[in-house]
Trainee: 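Sharing a structure here in structure tokens format.
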Amino acid sequence: MNATAASEAVDPGEFVVRRTDSGREVLLELAGELDAAGMDRFEEAASNIPQNALVTIDLAELRFMDSSGIRVLMNLDLRSRSEQWTLTLRSPRRQVLHVLQLCDFENRFQITP
């Protein structure tokens with residue numbers, strides 16, 4: 001997992017994920033472009049989430065997401081339901097929000113500004 005802070009400058013095309021655990025809360029900060037090349041890093045960062053966790057995926061610095069990112073989010077949604085943790089998507093940029101809306105994720109996920 002790349003531990004570079006999401007707030008640091010990210011090269012175009014690069015994908016960065018940072019995980020922070022604090023008690024029951026798990027924060028996954030995504031930055032750059034999430035495509036097939038970054039999918040494994042995202043899945044690795046999202047592994048080993050404890051039961052009853054409060055998981056927030058911060059999308060504020062994510063500039064692009066393709067179907068690979070959609071697939072990881074759908075898998076996380078299924079896991080959250082079976083493993084009993086809460087999943088929230090936070091602060092998606094306009095272009096990422098548009099992709100989420102096209103996939104009807106507003107009815108699957110809690111999305112906060």
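Worth knowing before you read on, the calculation uses all heavy atoms, side chains too, and leaves out hydrogens, waters and symmetry mates.
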Trainee: Does this structure show an ion pair linking Glu29 with Arg19, if we count only N-O contacts that are shorter than 4.0 Å?
Mentor: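 Arg19 and Glu29: not salt-bridged.
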Trainee: Roughly how far apart are Phe109 CZ and Cys103 SG, rounded to 0.5 Å?
Mentor: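 Going from CZ on Phe109 over to SG on Cys103, the span is 9.5 Å.
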Trainee: Does any N or O in the side chain of Arg90 come within less than 3.5 Å of the main-chain N or O of Thr56, such that one atom is a donor and the other an acceptor?
Mentor: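 Checked: no pair found.
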Trainee: Please report the shortest heavy-atom distance between Phe15 and Arg41, naming the atom on each side.
Mentor: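 Looks like O-NH1, 2.6 Å.
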Trainee: Applying the side-chain contact (heavy atoms from CB on, under 4.5 Å) test to Asp21, which of Val26, Asn48, Leu27, Ile49 qualifies?
Mentor: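 Checked Val26, Asn48, Leu27, Ile49 against Asp21; only one passes side-chain contact (heavy atoms from CB on, under 4.5 Å): Val26.
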Trainee: Do you know which two heavy atoms are closest between Leu100 and Pro92, and how far apart they sit?
Mentor: CD1-CB, 4.2 Å
Trainee: Ignoring hydrogens and angles, tell me if any N or O in the side chain of Ser68 forms a donor-acceptor pair with the backbone of Ala36 under 3.5 Å.
Mentor: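 A pair under 3.5 Å: yes.
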Trainee: How close do Val96 and Phe64 get, counting heavy atoms only, and between which atoms?
Mentor: CG2-N, 4.2 Å
Trainee: Can you find a heavy atom in the side chain of Glu61 that is under 4.5 Å from one in the side chain of Val16?
Mentor: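 No, every pair of side-chain atoms sits at 4.5 Å or beyond.
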Trainee: Would you find more than 12 non-hydrogen atoms of other residues, nucleotides or ligands less than 6.0 Å from Asn52 atom CG?
Mentor: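 Above 12, so yes.
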Trainee: To the closest 0.5 Å, what do you measure between CD1 (Ile57) and OG (Ser91)?
Mentor: 12.5 Å
Trainee: How many angstroms lie between atom OG1 of Thr86 and atom CZ of Arg81, to the nearest 0.5 angstrom?
Mentor: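 If we round to the nearest 0.5 Å, Thr86:OG1 and Arg81:CZ are 11.0 Å apart.
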Trainee: If you measure from CD on Glu106 to CG on Leu97, what distance do you get to the nearest 0.5 Å?
Mentor: 6.0 Å
Trainee: Give a yes or no on whether a salt bridge exists between Arg79 and Asp77, defined as a side-chain N under 4.0 angstrom from a carboxylate O.
Mentor: no
Trainee: Are Arg24 and Val55 side-chain neighbours, meaning at least one heavy-atom pair lies under 4.5 Å?
Mentor: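 When only atoms from C-beta onward are counted, Val55 and Arg24 do not touch, as no gap falls below 4.5 Å.
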Trainee: Please report the closest heavy-atom contact between Leu62 and Gly32, naming both atoms and the distance.
Mentor: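 Heavy atoms only, the tightest pair is CD1-O, 3.4 Å.
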Trainee: Are Leu54 and Leu89 connected in a single hydrophobic cluster, I mean Ile/Leu/Val/Met/Phe/Trp/Tyr linked by side-chain heavy atoms less than 4.5 Å apart?
Mentor: no
Trainee: Is it possible for you to say whether Met74 and Ile111 belong to one hydrophobic cluster, with membership spreading through side-chain heavy-atom contacts below 4.5 Å?
Mentor: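 Yes.
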Trainee: If I take atom CD from residue Glu33 and atom CG from residue Asp66, how far apart are they, to the nearest 0.5 angstrom?
Mentor: 9.5 Å
Trainee: Between Gln84 and Gln51, is any side-chain donor less than 3.5 angstrom from a side-chain acceptor?
Mentor: yes
Trainee: Give, for atom OG1 of Thr20 and atom CG of Leu28, the distance between the pair rounded to the nearest 0.5 Å.
Mentor: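 Thr20 atom OG1 to Leu28 atom CG measures 8.5 Å (nearest 0.5 Å).
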